[in-house]
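What follows is a single structure, written as structure tokens, with notes after it.
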Amino acid sequence: MKLLFVGDFFYNYEYLADDLLELSNWIQKENYQVIVNLEGGLYPSPKPIVKRGHHLHQSHRAIDMMKKLNVVGACLANNHMMDFGPQALKKTLKTLDENGIAHTGAGMNVEEALQPMVLGTGKEQTVIVNFAWDVEESVYATKKHAGCAPRRQELILNSIESLRTEYPVAKLIAVMHWGFELNPLPQPLDVKLAHDMIHAGFDLIIGHHPHNIQPFERYQGKAIYYSLGNFYFSGYRANFNKRRFKGAVENLCDYGAMVGFDSESGESVHNQLLVYDIDQNVSRRVFNDGRVLRDITGADFFSANYEEEARSSSLNKTPILTLDKKNNQRKLRKLFLSYRISRLTREVRRMPVGEWIYQRVKRIHHRDR
């Protein structure tokens with residue numbers, strides 16, 4: 001069985017896009033069975049949840065396009081799956097089931113959210129689990145409430161024992177929704193978790209969330225792809241194109257990695273990328289030349305130099321989380337405080353007098369710099 005793991009899939013078009021139909025032809029020719037990160041449910045609701053970021057839901061044509069792309073599985077543990085509450089999630093799960101698309105990572109309780117996606121049988125059997133991070137607004141499932149499978153290290157590492165018992169010859173794959181957006185390098189904290197997961201018995205680790213490709217590494221003979229970036233973000237692709245990184249590839253957000261996985265041999269390949277061409281408004285396949293999806297096997301992820309490089313290359317002001325738990329907590333408290341201040345500022349600016357005060361303070365601040 002040939003699996004193809006791709007990045008964030010968000011489809012808000014009301015038609016089937018030609019560029020994805022062309023990609024579908026290649027997928028069918030190569031006989032790939034596709035696994036996507038479904039970045040948002042299939043249904044909205046009148047009462048979205050309260051959150052800092054945007055609320056996303058797919059178009060009703062998303063299922064049709066997923067079928068064209070030969071999608072056999074959807075990873076649901078992410079920061080948009082619960083945007084419209086538990087009933088929207090319930091309808092999404094039902095629609096995926098009715099259309100024969102397997103899923104993992106979210107459910108009406110934590111037991112359901114932790115249920116793996118099982119594909120194939122015998123030597124080709126592949127078991128996939130999926131976890132999300134509440135620091136980046138993923139809603140965790142509990143015993144009584146719907147949500148995503150929690151990114152908790154003890155829970156993740158313990159899951160491998162039961163999986164190995166139930167599926168002794170299967171390839172075990174973990175899909176992680178982790179890190180901060182617009183970071184071109186993985187967090188040291190995530191690297192340590194990934195290494196521990198490989199030691200525990202996972203055969204492959206796939207990462208999502210930053211909206212740009214991050215490097216990969218080979219660790220203990222197993223591949224870790226820290227972020228595949230965007231696969232297809234439909235109407236939002238041009239917005240990502242505005243983000244410019246330092247280094248060999250400035251438009252890193254325009255690229256999405258596609259990782260092929262042979263379920264019998266356990267080998268992975270990553271020579272194909274999807275890139276958004278803003279001039280033609282299409283996404284097309286290109287070959288990876290080593291600049292976009294880089295191999296950083298053997299890097300010292302836990303050094304001060306790496307931390308500084310990760311910080312300086314990021315396009316936002318989120319912290320770099322290391323192995324220092326107390327310092328990480330301090331950094332996150334500071335981050336959450338800045339989020340609260342930003343939210344308060346937005347609320348104040350909605351009032352006419354508030355906007356006037358904001359602009360006055362802004363001018364004074366710039367004058368005094």
Side-chain angles (χ1 to χ4, degrees), residues 7-8 52-53 79 132-138 151 153 176-199 205-220 222-230 240-257 270 273 288-342 365 369:
D8 297 350
R52 179 181 73 252
N79 57 309
W133 194 32
D134 62 348
V135 169
E136 281 290 86
E137 295 198 297
S138 295
R151 177 239 163 103
Q153 180 158 338
M176 308 297 295
H177 209 79
W178 56 11
F180 292 109
E181 294 182 354
L182 305 177
N183 277 221
L185 290 174
Q187 298 275 328
L189 184 69
D190 293 338
V191 173
K192 178 60 166 62
L193 175 58
H195 290 180
D196 290 344
M197 291 165 68
I198 294 295
H199 284 296
I205 296 174
I206 299 287
H208 299 126
H209 182 60
H211 294 301
N212 54 260
I213 290 178
Q214 290 182 347
F216 78 98
E217 68 164 327
R218 303 278 179 186
Y219 182 76
Q220 300 288 308
K222 305 294 175 64
I224 304 170
Y225 296 90
Y226 286 101
S227 172
L228 300 188
N230 292 332
F240 285 112
N241 180 266
K242 299 172 184 176
R243 306 289 188 170
R244 283 309 197 245
F245 290 83
K246 300 175 183 177
V249 182
E250 291 186 344
N251 62 325
L252 198 57
C253 287
D254 289 338
Y255 288 88
H270 52 260
L273 305 174
N288 178 42
D289 62 4
R291 297 181 309 150
V292 182
L293 179 55
R294 297 186 294 122
D295 184 351
I296 54 172
T297 300
D300 187 356
F301 298 99
F302 312 111
S303 67
N305 287 339
Y306 178 85
E307 183 179 351
E308 178 55 34
E309 183 183 359
R311 180 185 297 105
S312 62
S313 62
S314 173
L315 294 191
N316 59 36
K317 296 181 180 180
T318 50
I320 303 302
L321 303 181
T322 65
L323 306 187
D324 186 336
K325 293 182 179 180
K326 288 186 178 181
N327 199 24
N328 287 344
Q329 291 173 353
R330 180 188 61 79
K331 291 176 181 178
L332 290 177
R333 283 196 297 268
K334 184 178 179 180
L335 177 66
F336 294 149
L337 176 60
S338 71
Y339 287 155
R340 287 194 291 271
I341 293 173
S342 295
H365 173 71
R369 289 179 65 178

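Computed from a prediction, not measured in an experiment: that's the story for all the values here.
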**OP:** Check whether any side-chain heavy atom of Asn328 lies under 4.5 Å from a side-chain heavy atom of Leu189, and answer yes or no.
**Re:**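 Yes; the side chains approach each other to less than 4.5 Å.
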
Subject >> Parallel, tilted or perpendicular, as decided by the 30° and 60° cut-offs, for the rings of Phe302 and His195 >> reply: perpendicular

**OP:** First locate atom CG of Leu315, then atom CG of Asn212, and finally report the distance between them rounded to the nearest 0.5 Å.
**Re:**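 Those atoms lie 7.5 Å apart.
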
**OP:** Quickly, which of Lys192, Gln187, Glu217 forms a side-chain contact (heavy atoms from CB on, under 4.5 Å) with Phe301? Name it, please.
**Re:**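 Testing each of Lys192, Gln187, Glu217 against Phe301, the sole residue satisfying side-chain contact (heavy atoms from CB on, under 4.5 Å) is Glu217.
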
Original post:
Ion pair present between Lys242 and Glu250, side-chain N to carboxylate O less than 4.0 angstrom?
Top reply: no

For the residue pair [X] and [Y], confirm or rule out a side-chain donor-acceptor distance under 3.5 Å.
| X | Y | answer |
| --- | --- | --- |
| His208 | His177 | no |
| Thr297 | Asp295 | yes |
| His199 | Gln220 | no |
| Asn183 | Ser314 | yes |
| Asp196 | Gln153 | yes |

Using only atom types and a distance under 3.5 Å, with no angle test, would you say the side chain of [X] pairs donor to acceptor with the backbone of [Y]?
| X | Y | result |
| --- | --- | --- |
| Asp190 | Gly179 | yes |
| Asp134 | Glu137 | no |
| Asn316 | Glu181 | yes |
| Trp178 | Pro210 | no |

Original post:
How would you list, by chain and number, every residue that makes a side-chain contact (heavy atoms from CB on, under 4.5 Å) with Ser338, sequence neighbours excluded?
Top reply: Leu335

Subject >> salt bridge (Lys or Arg N to Asp or Glu O under 4.0 Å) partners of Asp289, counting only residues at least two apart >> reply: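 Asp289: salt bridge (Lys or Arg N to Asp or Glu O under 4.0 Å) contacts with Arg291.
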
**OP:** Measure across Pro188 and Ile320 and return the closest heavy-atom pair with its distance rounded to 0.1 Å.
**Re:**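 For Pro188 and Ile320, the tightest heavy-atom pair comes out as CD-CG2, 3.6 Å.
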
